[in-house]
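I have placed the structure first, in the form of structure tokens, so that the comments after it can refer back to it.
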2 protein chains.
Amino acid sequence: MPYVMVQIPNTPAPTSPSAPRSVPTSADVARLAGVSRATVSYVLNDTGAVRISEPTRRRVHRAAEELGYVPHAAARSLRAGHSRMVLMPAPPVPAGPLHSQFVHDFQGALSRLDYTVVQYGNCGLHGDEAARAWAELRPVAVLVPGPGLGPRGVAVLKRSGARAVVTFGTEPVDGAHALLTDHAGVGRGAARHLYARGRRRIGVVVPEEPGLETFSAPRLDGAREAVHGTGATVTALPLAYTEESAAALAARWRDLGLDGVFAYNDEYAMLLMSALQDEGVRVPEDAAVIGADDLMLARLLRPRLSTVRITLPSGRGLAELVDRAVRNPGATPESHELFDATVVQRDST
Amino acid sequence: MPYVMVQIPNTPAPTSPSAPRSVPTSADVARLAGVSRATVSYVLNDTGAVRISEPTRRRVHRAAEELGYVPHAAARSLRAGHSRMVLMPAPPVPAGPLHSQFVHDFQGALSRLDYTVVQYGNCGLHGDEAARAWAELRPVAVLVPGPGLGPRGVAVLKRSGARAVVTFGTEPVDGAHALLTDHAGVGRGAARHLYARGRRRIGVVVPEEPGLETFSAPRLDGAREAVHGTGATVTALPLAYTEESAAALAARWRDLGLDGVFAYNDEYAMLLMSALQDEGVRVPEDAAVIGADDLMLARLLRPRLSTVRITLPSGRGLAELVDRAVRNPGATPESHELFDATVVQRDST
DNA sequence: TTGAAAGCGCTACCAA
DNA sequence: TTGGTAGCGCTTTCAA
């Protein structure tokens, strides 16, 4: 079907009544109020050093209101030479409840310190590429979850003005503050507990979902380390987060000859424990099961699930760390343990 | 222990070798490469219209590399007059698994369409205040979860250049595209199901956690509506997400004289069902329980939990909606049902 | 093939 | 008390 392409002007003539006028600037406000742009800036920012008469203030405010004027953050921070944006790249996997809660708190705390917190969804970029993309936004601080950042990335960020770079991860990155997430410690705690309960052939669930290796690998390593030299064994058990996968694993459970399992976290633990029970494997007699994260829901299953409780520090404390780092960018990067991992024994071990 | 505070200059003299030099600009690159800023821009952006000789290109690239030059996004979009930022204000409550997954998909899909997706954590701001804060960033599109935005807010955003404003919520907002989340439909489906199973005195759990009213109120209303005129009753049951609260509710269950309950979602349902069982209330004989969201974990409890499954559309489809809206900002706002709610009967009803 | 220069929207210095 | 104006870093038109 033949058609005619009509050129639609994307900035309609300002005479058109219903059309969206172009975005009002402070110059427009100044014009309408009959003052200079400088005055507009003074009034709207309530600059202390300069006194503007009350009638003028009113005129400016009225004009701004009438035009629906909103200042342009990019222009402002360009002029100012800095911003108060804290950038937090979104993790490569959808956030779990712990992470969601943590990010929420942290955002709140930083907001109260007058920072603007922004989660940046950068799909597919890796390593230094990603760092460059973040650096383009000229954040005053960057909080990077996971291992996506090397020393070169840190350097790129700092060179482009980031006054604080903070990483979450199992080990510190050169030049950045580090919040150490001791996943190995979680695995170690779980395996030690199983060992103490008399288990010698220990399975460790490793989720098959991509993106979780970051956490699962150190947890597995930690478990290995915990029983090293004791004669107990640790076996990696790949498991997808589906009932089918759990049923399949449970079906070959007896062949595996294991007597205890650290199931990565409470969700996988619930899934596996349930499948084991369906298979007639008794928990904890035939197989002791321990999870991690201490989800409330995990207390509802019977037997009640033992777990490694992970307590994260308050968002406020971390926000203060960031604030300190921003105020004193020269300081030597600090490393902090972020986790506090405690075994909570219930009925499944 | 006494200590001496040493004033560290935060912009060290550029002669200092190891100190962080000030952020390199395209002018620095130009200087180092011995060309003009224009040439730098041409080379780094690979401008098609202009041919730059190969040796010059190399010099520019080398210089940029050496300085660790990263372009300044704010300056660029200021000059360009527009950006490709899609702003998504973070919801006031920590995200649940459904929301996390959805946001993740959606971010990925928009990234592939070459947008920059940014979740903005704006603590405490409300209504038009919040809209103004978002507008300062001059996003090309804004996706607002929940009811935080009125027609005035939409107008503010559009006036400041947003070419698409999309709301998630139970009802459309004037001037914005709407993705309708039919929470009432969820409640309706659940209550209808309970009614069909012979229940006449129906409880509806209303979470006490602040910020959830947005979802719980329409779910309750939907349940009321479903049984309106049938002689069946609907009773709101406040419940905090703690074992204590659930135990307290279960303790007075017999006094309440209810025979069925829609428990807001699967998590509250699991909590309540478990408490009821501890109290000796038989499920489903004495009390039929239905949740919502179809969490996998809810299938693990016994009796297996009936639920209202909520399927969200793919992130890709929504990303395309946004893209279409951005390309054609004049179009009449569309409204779409976002939810597809289906009752899944298992053993608890 | 390259350079000079204007200007995006804003703030802050200096002058009136 | 107010206005003129420079300049933040960038792209792009026009001229050489």
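Because the structure is predicted, anything quoted here is derived from the model rather than measured. A, B, ... follow the sequence lines: proteins, then strands. Residue 1 opens every chain.
One finds no side-chain N or O of Ser36(B) lying less than 4.0 angstrom from the OP1 or OP2 phosphate oxygen of dA4(C). Of the side-chain N and O atoms in Arg51(B), none sit less than 4.0 angstrom from OP1 or OP2 of dT1(C). One finds a side-chain N or O of Ser53(A) lying less than 4.0 angstrom from the OP1 or OP2 phosphate oxygen of dT2(D). Under 4.0 angstrom from either OP1 or OP2 of dG3(C) there lies at least one side-chain N or O belonging to Thr39(B). In this structure, Tyr42(A) does not reach the dC10(C) phosphate: none of its side-chain N or O atoms is under 4.0 Å from OP1 or OP2.
Across all strands, Thr25(A) comes closer than 4.0 Å only to sugar-phosphate atoms, never to a base (heavy-atom distances). In this structure, Ser77(B) reaches neither bases nor backbone, as no heavy-atom distance under 4.0 Å exists between it and the strands shown.
At whole-Å resolution of the value, CZ in Arg159(B) and P in dG9(C) are 16 Å apart. Computed from coordinates, the Asp28(B) CG to dG9(D) C1' distance equals 11 Å when rounded to whole Å. Counting to the nearest Å, the C1' atom of dT5(D) and the CZ atom of Arg37(A) are 9 Å from each other. Here the P atom of nucleotide dC10(C) and the CG atom of Leu137(B) are 13 Å apart, to the nearest Å. Atoms CD (Glu54(A)) and P (dT2(D)) sit 10 Å apart, rounded to a whole Å. Taking atom CG of Leu44(B) as the reference point, atom C1' of dT11(D) lies 12 Å away to the nearest angstrom. In this structure, CZ of Arg31(B) is placed 13 Å from P of dA4(C), rounded to the nearest angstrom. Between the CZ atom of Arg57(B) and the P atom of dT2(C) there is a distance of 10 Å, rounded to whole Å.
Aromatic ring orientation, Phe102(A) versus His99(A): tilted (interplanar angle from 30° to 60°).
For Asn45(A), the CG atom sits in a packed shell: over 12 heavy atoms of surrounding residues, nucleotides or ligands are nearer than 6.0 Å. When the shell of 6.0 Å around CZ of Arg316(B) is examined, it contains 12 or fewer heavy atoms from other residues, nucleotides or ligands. At most 12 heavy atoms of other shown residues, nucleotides or ligands fall within 6.0 angstrom of atom CZ in Arg152(B). Annotation: Arg324(A), atom CZ; neighbour count of heavy atoms from other residues, nucleotides and ligands within 6.0 Å is above 12.
Comparing dA4(C), dG9(D), dC10(C) by their closest approach to the side chain of His72(A) singles out dC10(C). Of the candidate nucleotides dT2(D), dC10(C), dT5(D), dT2(D) has the atom lying nearest to any side-chain atom of Thr56(A). Across dT2(C), dT11(C), dT11(D), the shortest atom-to-atom separation from the side chain of Ile52(B) is found for dT2(C). Comparing atom distances between the Ala38(A) side chain and each of dG7(C), dG4(D), dG9(C) picks out dG4(D) as nearest.
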